[in-house]
Amino acid sequence: MRPRAVRKLDPRMPRSGQPGPDPGVQSAAMAIYLDHAATTPLRREALDAMLPFLTEDFGNASSAHGFGRRARAALDDAHQQLAARIGAEAREVVFTSGGTEALNLGLKGAAWAGKARGHRIVTSSVEHHAVGHTLRYLEKFGFEIVELPVDRYGRVDPDHVDKAITDKTILVSIMLANNEIGTIQPIAEIGRRVHAHRGVLFAVDAVQAAAHLELDVEALGVDLLALSAHKFEGPKGVGALYLRHGTHIVVQQQGGSQERHRRGGTENVAGAVGMATAYDLASAERPETGRRLRRLRERLQKAVLAVDGTELTGHPKERLPNHLSVIARDTDGNALTMSLDLEGIAASVGSACTTGSTEVSHVLTAMGYPEEEARGALRLSLGRTTTDADIDEAVLTVPRVVASMRTGQVAVAGDPLGQGALV
Ligand SMILES: Cc1ncc(COP(=O)(O)O)c(C=O)c1O
């Protein structure tokens, strides 16, 4: 038998239980991480808040004894803490296994609950697959899905939403900020239009927006709202659905009576605590972090757009402060991200890549980009842990790599990264 390789520990990472640097801080040998739209590192405070519930306070929140009661109290607090930050009540928050599950629960649950009243659901043509594919699935059961067009910047026109709603419409689902292009939708205005029609529910995918935009369910006028912890330095595999009190959904996961009978299954107490902690901190720090990231993003944007044949995608102003997305004509986004990876910069493409075949981004095509141009998409997304030094380096490297790809000086074959669908 071959001896097992001994994994070298990063000397900057603390051993368990010992104080140490933020786990989000990258070691010097690591690449510069500019893919925060895909996921973010777990922040130290969230990990610290979670650890007791992964160790000594491991109880099942449904148990009556002391272990269970401690877990229940922590879970109740997590509901309270998260709800308070989005202007909701604790009972309106359902913890799930992530954004995808929150959207499945909300959209399928609301669709089935409203079936007797109507079968029409209105959405946009630039939603994440967690919404798009869920609604396509509902189509098989007789629901009519109306996909609204977007403008050149990926924005939905509130008038189009208004006009698409008929007396058979039960639900409208529009994302707050787009994961590929960073464009922010006029959600509060759309919410007003939706609620001018009695009985129509408004669902919002706020997964990509949550780290960077203040969320107030009243101001936004939403009935359902999906969040995912790993986009704001919380743990992966945890999310939440805000469900306005009185909104009826058909439960999608049968089992126990957890989460007020809305999601069966033993609760992920540590995950919920980590999510609530991370969101609390992200909300408190948002104005300052946003200003800093916007400044860094603008520096990088200026440097990248100085390269011939590049164009910003998404809205120039109404976009997430951390988000830069471009098209570099006559390049291939996959090859570009691979070249950047070799140069120590972690970025991603604007098109989804499925096994063997490259699919062009449905977002960019909906915005009117021809397929050949959409193939040259590149996304660089910053996060709280991005430093000035990271951007100093990126400002030198990214334009050089993009320019050399455009002139054909770098040829990368295949897809060694084996990238999956764009997240
Ligand atoms: C806009 C948007 N919605 C939904 C999701 C799905 O969230 P999760 O990864 O928690 O399932 C993502 C993840 O990338 C996203 O960007």
Side-chain angles (χ1 to χ4, degrees), residues 33-42 46 82 93-108 123-137 150 154-156 173-185 187 203-213 215 220 222 224-242 252-253 263 268 271-272 274-276 278-279 282 313-315 319-320 322-325 346-354 361-364 366 377 379-383 419-423:
Y33 186 76
L34 295 181
D35 200 12
H36 287 82
T39 196
T40 58
L42 179 67
L82 186 62
V93 169
V94 182
F95 281 109
T96 64
S97 66
T100 302
E101 190 199 324
L103 288 161
N104 270 264
L105 172 60
L107 299 176
K108 289 179 188 163
T123 189
S124 85
S125 48
V126 295
E127 299 295 307
H128 188 273
H129 288 334
V131 170
H133 288 183
T134 301
L135 296 181
R136 285 272 158 257
Y137 171 82
V150 291
R155 295 252 288 183
V156 175
S173 184
I174 309 278
M175 72 202 313
L176 179 48
N178 188 276
N179 47 306
E180 291 189 35
I181 49 156
T183 294
I184 299 167
Q185 300 292 352
I187 287 299
V204 169
D205 172 358
V207 168
Q208 205 54 240
H212 307 285
L213 303 181
L215 302 177
L220 293 173
V222 303
L224 304 106
L225 180 122
L227 298 170
S228 175
H230 73 100
K231 306 289 187 185
F232 46 78
E233 298 182 278
K236 290 174 186 46
V238 196
L241 175 69
Y242 157 76
Q252 298 300 305
Q253 186 161 298
R263 187 207 186 239
N268 178 358
M275 177 171 188
Y279 192 70
T313 55
H315 203 283
R319 67 184 300 130
L320 295 174
N322 69 316
H323 197 291
L324 172 59
S325 57
S348 63
V349 289
S351 66
C353 187
T354 44
S361 158
H362 68 286
V363 174
L364 294 175
R379 178 180 75 180
L380 298 151
S381 47
L382 288 59
Q419 295 179 54
L422 194 79
V423 281

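Counting starts at 1 for both ligands and their atoms, in listed order.
Judged by the shortest distance from any of its heavy atoms, His230 lies inside the 4.0 Å radius around the atoms of ligand 1. Ligand 1 has Lys231 within reach: a non-hydrogen atom of the residue lies less than 4.0 Å from it.
Looking at Ala37 next to ligand 1, no N or O pair under 3.5 Å apart turns up. Polar contact with ligand 1: absent for Asn179 (N/O pair, distance under 3.5 Å).
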For this session: Mind running side-chain hydrogen bond (donor to acceptor under 3.5 Å, both in side chains) on Thr39 and His230 for me, showing each step along the way?
Result: CA-CA 6 Å; Thr39 196; His230 73 100; 2.6 Å; yes
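Against a heavy-atom cut-off of under 4.0 Å, Gly98 is close to the following atoms of ligand 1: 10 (O). Listed by atom number, the atoms of ligand 1 under 4.0 Å from Thr100 heavy atoms are 6 (C), 7 (O), 8 (P), 11 (O). Residue Ser228 approaches ligand 1 through these ligand atoms, each under 4.0 Å from one of its heavy atoms: 8 (P), 10 (O).
Side-chain atoms of Ser228 do not come within 3.5 Å of backbone N or O of Lys231 as any donor-acceptor pair. With hydrogens and angles ignored, the 3.5 Å screen pairs a side-chain donor or acceptor of Thr134 with a backbone N or O of Ala130.
Contact annotation: for Asp205 versus ligand 1, heavy atoms closer than 4.0 Å belong to the side chain alone.
Here Thr183 pairs with Arg155, Ile181, His315 under the side-chain contact (heavy atoms from CB on, under 4.5 Å) rule; sequence neighbours left out.
Ring geometry for His133 against His129 counts as parallel: the plane angle stays under 30°, on a 0 to 90° scale with 60° as the upper cut.
The shortest heavy-atom contact between His362 and Glu127 is NE2-O, 2.8 Å.
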